[in-house]
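Report on the following structure.
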Amino acid sequence: MDNAPKLEKLLEDALVSISSTTGLERLDKIRIGVLGKKGSLTAALRGMKDIAPKERPLFGKRVNEIRDAVTKAMDEKISALEEVAKKERLKQEHIDVTLPGTKHSIGGLHPLTQIYYETRDIFVSMGFEIMDGPEVEYDKYNFEMLNIPKDHPARDMQDTFYVTPDIVLRTHTSPVQIRTMLRKEPPIRVIAPGRVYRSDDVDSTHSPIFNQIEGLVVGKDISFANLKDTLNRFLKEFYGKDTKTKFRPGHFPFTEPSAEVDATCAKCGGSGCGVCKGTGMIEILGCGMVHPSVLAGCGIDPEVYTGFAFGMGLDRLATIKYGITDIRLLFENDIRFLSQFK
Ligand code: DAH
């Protein structure tokens, strides 16, 4: 049985290469090399015809045993290699649960939005509705119908961006008064928040874009006392119940009489500080009784109805409330600044 030693050598070689293999790919090559169509064991089997017939059964049996032995060794090796690979993977995917997690920071509302919501809620609680108006506005509504004709000096104070000779970026939210009165019958009780534009250079107290809130009340027997009461209530609610107010005579073309309102400085509580320039009071808003010709221009009979209006800078409400000395902070969107208001 000349072929027998060859067969045993084949088995030995196969087992040695299987056990020394460290990769699954290499193992597959070995399998093909031994058990494949052109493999060594298959070749040995083919050589059976050269063996004496009586020795063939024994030889065949041995070939089968060897095939089984090689297959078994392969399977064992595959399991072992897979085990090693799994351990390696687990090592890499290992999570240290004691490490601090990844922090996902949650956003917050911009301080101006918060201030607007507070203001809105106070006025809504007094029965006001919210009105909206366009930022690109007719000159007629922004100026003309508010008693500011083409040659009026108030136009210089609110120098604006003209889109066409008849269309401007609104310089204040007051044109929403006109839009409201043209659209609604009294009684009217609205506030109108929004962005306004003036051709101002940017500095710590000026910005070409800022925000205002307009207020308008029109009805029968609306008096200056109603105006004072409404604004006093708002300012006490907004800045605190100890807030004092001062109504100073002022001038606005669309109100008569007009007033400017100061309130106790929210920063120092009235003792005087850098924010209120030592006066203890700070100017907050402009207001007045709606001018009869403005009412009439909107088709509301000034003999029957009266009204009051007010306008205030939202940015100003915020800077005073928080003691912010530079309004640019409100527009720069620096997260270090904004995150203080969460
Ligand atoms: N529109 C004025 C401004 O921007 C503010 C203002 C003053 C509004 C008096 C009013 C008002 O409604 O009655 O300077």
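Counting starts at 1 for both ligands and their atoms, following the listed order. Being a predicted model, the structure only gives us computed values, none of them experimental.
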**Request:** May I ask you to check whether over 12 heavy atoms, not counting those of Lys267, lie within 6.0 Å of atom NZ?
**Result:** no
**Prompt:** Using the benzene-type ring in the case of Trp, are the ring centres of Phe234 and Phe128 under 6.0 Å apart?
**Reply:** no
**Message:** Would you say that more than 12 heavy atoms from the other residues, nucleotides or ligands in this model lie under 6.0 Å from the CG of Asp221, or not?
**Reply:** no
**Request:** Would you kindly say whether Thr164 and Asp166 are connected by a side-chain donor-acceptor distance under 3.5 Å?
**Result:** no
Expected rows: ligand 1 N/O, protein N/O, dist below 3.5 Å:
residue  : atom   : partner : partner atom : Å
ligand 1 : 1 (N)  : His172  : ND1          : 2.8
ligand 1 : 1 (N)  : Ser174  : OG           : 2.9
ligand 1 : 4 (O)  : Arg198  : NH2          : 2.9
ligand 1 : 4 (O)  : Gln212  : NE2          : 2.9
ligand 1 : 12 (O) : Gln177  : NE2          : 3.0
ligand 1 : 12 (O) : Glu214  : OE2          : 2.6
ligand 1 : 12 (O) : Phe310  : N            : 3.3
ligand 1 : 12 (O) : Phe310  : O            : 3.3
ligand 1 : 13 (O) : Ala309  : O            : 3.1

**Asked** Is the shortest heavy-atom distance from the side chain of Leu338 to the side chain of Pro111 under 4.5 Å?
**Response** yes
**Message:** For Ser293 and Asn147, which I'm curious about, is there any donor-acceptor pair between the side chains at under 3.5 Å?
**Reply:** yes
